[in-house]
Amino acid sequence: MTDCVFCKIAEGQIPASTVYEDEDCVAFMDIGQVNPGHVLVAAKRHAQDLYALDDAQAAAVARGVARVARAIRAAFAPEGLSVYQANGAAAGQTVFHYHVHLVPRFANDGMRFTWPVQNPPREVLEEHAARIRAALGL
Ligand code: 5GP
Ligand code: ZN
């Protein structure tokens, strides 16, 4: 789907700070960082949302999520990690291509996310991505 931002990232047509990639999914730094180390894991093949995934694709994305989660823990040593996704505009979704948010959580965070998010410069995203890639052995 050529007008989809995450398809373009998966195809390398627009830049992203990628931390992990396999046959089925790609993981990259969210440009809007709820907390430092916030990563999105997206299905490579366009699927609008959770409902559109077949079982194999769902399992493959979950594997990518687990691998990247362990690497975020190693790289940032957060007290916790929030893993979430949204379906539909009414649930706050803004990009309609299936993806999961991995958000490191720290001691003073409380239950809710703090808004607005940070939009760090590309160098910071790249530096954080490099720490996660190193934890993955990439
Ligand atoms: P949603 O609200 O759909 O679950 O999340 C979409 C996320 O994608 C948002 O957190 C937003 O910051 C992120 N995002 C939107 N456009 C881009 C982009 O071009 N590059 C990256 N890395 N993230 C994006
Ligand atoms: Zn797409």
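For clarity, every value in this text was computed on a predicted model and none was experimentally measured. Ligands are counted one by one from 1 in listed order, and the atoms in each one are counted from 1 as well.
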Heavy-atom closest contact (Gln33 atom, His38 atom, distance): NE2-O, 2.7 Å
Criterion salt bridge (charged side-chain N to carboxylate O under 4.0 Å, His left out) on Arg63 and Asp22, from CA distance to verdict: CA-CA 10 Å; Arg63 186 182 60 190; Asp22 63 28; 3.8 Å; yes
Closest protein heavy atom to atom 15 (C) of ligand 1, given as residue, atom name and distance to 0.1 Å: Val95 CG2, 3.9 Å
Numbered atoms and elements of ligand 1 in range of Met29, under 4.0 angstrom, heavy atoms: 22 (N)
Short side-chain to backbone donor-acceptor contact, Asn119 and Ile31, under 3.5 Å: yes
Backbone N/O of Val100 and side chain of Gln85: donor-acceptor pair under 3.5 Å: no
Sub-4.0 Å heavy-atom contact, His38 with ligand 1: no
Heavy atom of Gly92, distance to ligand 1 below 4.0 Å: yes
Taking atom 14 (N) of ligand 1 as the reference point, the nearest protein heavy atom with its distance: Ile31 CG1, 4.0 Å
Closest to atom 6 (C) of ligand 1 among Val117, Leu40, Thr94, Asn87 (heavy-atom distance): Thr94
Heteroatom proximity flag, Asp30 to ligand 1, N/O under 3.5 Å: yes
Donor-acceptor contact present, side-chain Arg73 to main-chain Pro104, <3.5 Å: no
Option whose closest heavy atom lies nearest to atom 4 (O) of ligand 1, chosen from His97, His101, Lys8: His101
Check: His99 ring centroid to His101 ring centroid under 6.0 Å: yes
N/O donor-acceptor pair under 3.5 Å between Arg70 side chain and Val65 backbone: no
Sub-4.0 Å heavy-atom contact, Gln85 with ligand 1: no
Residue portion contacting ligand 1 (non-hydrogen atoms closer than 4.0 Å) for Val5: side chain
Closest protein heavy atom to atom 1 (P) of ligand 1, given as residue, atom name and distance to 0.1 Å: His99 NE2, 3.3 Å
Residues Glu21, Lys44: salt bridge by 4.0 Å N-O rule: yes
Centroid-centroid under 6.0 Å between Tyr98 and Phe6 rings: no
Geometric cation-pi criterion Arg67 and Tyr20, 6.0 Å radius, 45° cone: no
Apex the Zn ion (ligand 2) - arms ND1 from His97 and ND1 from His46 - angle rounded to 10°: 100°
Ligand 1-proximal atoms of Phe96, by part, heavy-atom distance under 4.0 Å: neither
Non-hydrogen atom of Ile9 closer than 4.0 Å to ligand 1: yes
Close approach, Phe6 and ligand 1, non-hydrogen under 4.0 angstrom: yes
